A.B. asks: 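Right, I'll just put the structure down here and ask away after.
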Amino acid sequence: MRSLTGEIGALRVSVGRGEAVLVPGFHAVKHAARFGAELTHVFRLATADARSLAVELAPDMVEVIDRAQAIDDPEMSALAGEVHPTGVVGVARKPEKAGRLRGPGAVLEDPRHLGNVGASIRVAAALGVRSLATTGRADVWSPAAIRGSAGLHWALDVRGNAELDELDGPLVGLDPGGRPISEVALAPDTLLVFGTERQGLSDAARERCDEVARIPMAPGVSSLNLATSVAIALYHLTTLDL
């Protein structure tokens, strides 16, 4: 097995500059490939049986794994920061996004936990919505977010560092002070705006929203995890016609 130290070092630089995206884990690579990501590199741990994993769980990935370059533990750690349990990691080009963000979808105001961001993207992809955006400084294309989404960033229009004036369509904010979401008329192209768990919607977001709704909860329960709130509200939005 030839040394890939130089190549991996160059990839780390590219990822650090935001020119490329690290895709950690078999399932993240699987979904990225299925939804059209431009995977420039796929690596597999030489000591892991990634092919059997593909045969069992995702036969469409067998060819991808067969073409993957074999690397050792130190090389994978140098690239990904850790050795992923599945022994697979990929590198992809970051997709270019243009135009105004359109619904149905979700907007996360200044989220802090990248795992929550990724889980929200995973839910949004499962429900078939068009888009998910974040405001603030969170790196929505970070490895932690992509791991949380299981690589489903490529299944919808995902954007980071969005501005409220870039949003197109009806906006409904989620906040404890709103009406129950079941009482709010939601258009099919609505963008649901979620504030932070501690502060709720910002004043700027509240003013920008056409309506404010809340998710009813049992007495004594003061808040929900962000990804859980996204799941409940997007499910409500996408199943209105059922």
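Residue numbers count from 1 along this sequence. Please read all numbers here as calculations on a predicted model, not as lab measurements.
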A.B. asks: Could you measure the distance from the CG atom of L45 to the CG atom of D73? Nearest 0.5 Å is fine.
C.D. replies: 4.5 Å
A.B. asks: Can you name the nearest heavy-atom pair linking P170 to A187, along with the distance?
C.D. replies: CG-CB, 4.0 Å
A.B. asks: Under a 4.5 Å side-chain heavy-atom rule over Ile, Leu, Val, Met, Phe, Trp and Tyr, are L226 and L237 clustered together?
C.D. replies: yes
A.B. asks: Looking at F194 and A106, what are the two nearest heavy atoms and their distance?
C.D. replies: CE1-CB, 3.8 Å
A.B. asks: For A231 and V123, which heavy atoms make the closest approach, and how far apart are they?
C.D. replies: CA-CG1, 3.5 Å
A.B. asks: Please determine whether side-chain contact (heavy atoms from CB on, under 4.5 Å) holds for the pair V140 and L108, giving the CA-CA distance in whole Å, both sets of side-chain angles, and the decisive distance to 0.1 Å.
C.D. replies: CA-CA 11 Å; V140 72; L108 314 182; over 6 Å; no
A.B. asks: What's the shortest heavy-atom distance between A144 and L114, and which atoms?
C.D. replies: CB-CB, 3.9 Å
A.B. asks: Please evaluate residues I146 and H153 with respect to the criterion side-chain contact (heavy atoms from CB on, under 4.5 Å), reporting the C-alpha separation (whole Å), side-chain torsions for both, the decisive distance (0.1 Å), and the verdict.
C.D. replies: CA-CA 7 Å; I146 291 176; H153 279 60; 3.7 Å; yes
A.B. asks: Can you tell me if D175 uses its side chain to pair, donor with acceptor, with the backbone of G178 under 3.5 Å?
C.D. replies: no
A.B. asks: Would L127 and I232 show up in the same hydrophobic cluster when neighbours are defined by side-chain heavy atoms closer than 4.5 Å?
C.D. replies: yes
A.B. asks: Report yes or no: does E109 contribute a side-chain atom to a donor-acceptor pair with the main-chain N or O of S202 at less than 3.5 Å?
C.D. replies: yes
A.B. asks: Taking atom CZ of R93 as the centre, report whether more than 12 heavy atoms of other residues, nucleotides or ligands fall under 6.0 Å from it.
C.D. replies: no
A.B. asks: Does some side-chain heavy atom of E211 sit less than 4.5 Å from a side-chain heavy atom of R179?
C.D. replies: yes
A.B. asks: Less than 4.5 Å apart, side chain to side chain, heavy atoms only: is that true for V88 and I65?
C.D. replies: yes
A.B. asks: Side-chain contact, heavy-atom cut-off 4.5 Å: E75 with F43?
C.D. replies: no
A.B. asks: Can you name the closest pair of heavy atoms from A227 and A119 and give their distance?
C.D. replies: CB-CB, 3.7 Å
A.B. asks: Do side-chain atoms of R214 reach the backbone of G177 as a donor and acceptor pair under 3.5 angstrom?
C.D. replies: no
A.B. asks: Would you kindly confirm whether V230 and Y235 end up in one hydrophobic cluster when ILVMFWY residues are joined by side chain heavy atoms under 4.5 Å apart?
C.D. replies: yes
A.B. asks: In terms of heavy-atom contacts, does CG of D60 have more than 12 from other residues, nucleotides or ligands at under 6.0 Å?
C.D. replies: yes
A.B. asks: If you take all heavy atoms of A92 and L39, which pair is closest and at what distance?
C.D. replies: CB-CD2, 3.9 Å
A.B. asks: Distance from N116 atom CG to T134 atom OG1, nearest 0.5 Å?
C.D. replies: 12.5 Å
A.B. asks: Return the orientation label for the F35 and H31 ring planes: parallel under 30°, perpendicular over 60°, tilted otherwise.
C.D. replies: tilted
A.B. asks: Between CD of E63 and CZ of R51, what distance do you get to the nearest 0.5 Å?
C.D. replies: 10.5 Å
A.B. asks: Determine, stepwise, if the pair L234 / S120 fulfils side-chain contact (heavy atoms from CB on, under 4.5 Å).
C.D. replies: CA-CA 10 Å; L234 281 182; S120 298; over 6 Å; no
A.B. asks: Kindly check if the number of other-residue, nucleotide or ligand heavy atoms within 6.0 Å of CZ (R100) is above 12?
C.D. replies: yes
A.B. asks: Between L57 and K30, is any pair of side-chain heavy atoms under 4.5 Å apart?
C.D. replies: no
A.B. asks: One pair to check against salt bridge (charged side-chain N to carboxylate O under 4.0 Å, His left out): R102 and D189. What are the steps and the verdict?
C.D. replies: CA-CA 7 Å; R102 301 176 60 196; D189 59 345; over 6 Å; no
A.B. asks: Verify the neighbour count for atom CD of E82: are there more than 12 heavy atoms of other residues, nucleotides or ligands below 6.0 Å?
C.D. replies: yes
A.B. asks: Does L191 belong to the same Ile/Leu/Val/Met/Phe/Trp/Tyr cluster as L156, with side-chain heavy atoms less than 4.5 Å apart forming each link?
C.D. replies: no
A.B. asks: Taking C-beta and beyond as the side chain, do L101 and E166 meet within less than 4.5 Å on heavy atoms?
C.D. replies: no
A.B. asks: Look up atom CG in L201 and atom CZ in R208, then write down how far apart they are to the nearest 0.5 Å.
C.D. replies: 13.0 Å
A.B. asks: What's the verdict on side-chain contact (heavy atoms from CB on, under 4.5 Å) for I181 and V172, showing C-alpha distance, side-chain angles and the deciding distance?
C.D. replies: CA-CA 10 Å; I181 193 169; V172 173; over 6 Å; no
A.B. asks: I want to check something: taking the side chain as every heavy atom from C-beta on, are L22 and V91 in contact at a cut-off of under 4.5 Å?
C.D. replies: yes
A.B. asks: Drop me the distance from I71's CD1 to S77's OG, to the nearest 0.5 angstrom.
C.D. replies: 8.5 Å
A.B. asks: Within this structure, what is the CZ-CZ distance for the pair R147 and R122, rounded to the nearest 0.5 Å?
C.D. replies: 11.5 Å
A.B. asks: Following the transitive rule for hydrophobic clusters with a side-chain heavy-atom cut-off under 4.5 Å over Ile, Leu, Val, Met, Phe, Trp and Tyr, establish whether V89 and V13 coincide in one cluster.
C.D. replies: no
A.B. asks: Please examine the side chains of R206 and V212, heavy atoms only from C-beta on, and report whether any two atoms are closer than 4.5 Å.
C.D. replies: yes
A.B. asks: Will you find, in the side chains of D139 and S142, an N or O donor that is under 3.5 Å from an N or O acceptor?
C.D. replies: no
A.B. asks: Can you run down the salt bridge (charged side-chain N to carboxylate O under 4.0 Å, His left out) pairs that involve residues 148-158, sequence neighbours left out, and say none if there aren't any?
C.D. replies: K97-D157, D157-R159
A.B. asks: How are the rings of W141 and W154 set relative to one another: parallel (under 30°), tilted (30 to 60°) or perpendicular (over 60°)?
C.D. replies: perpendicular
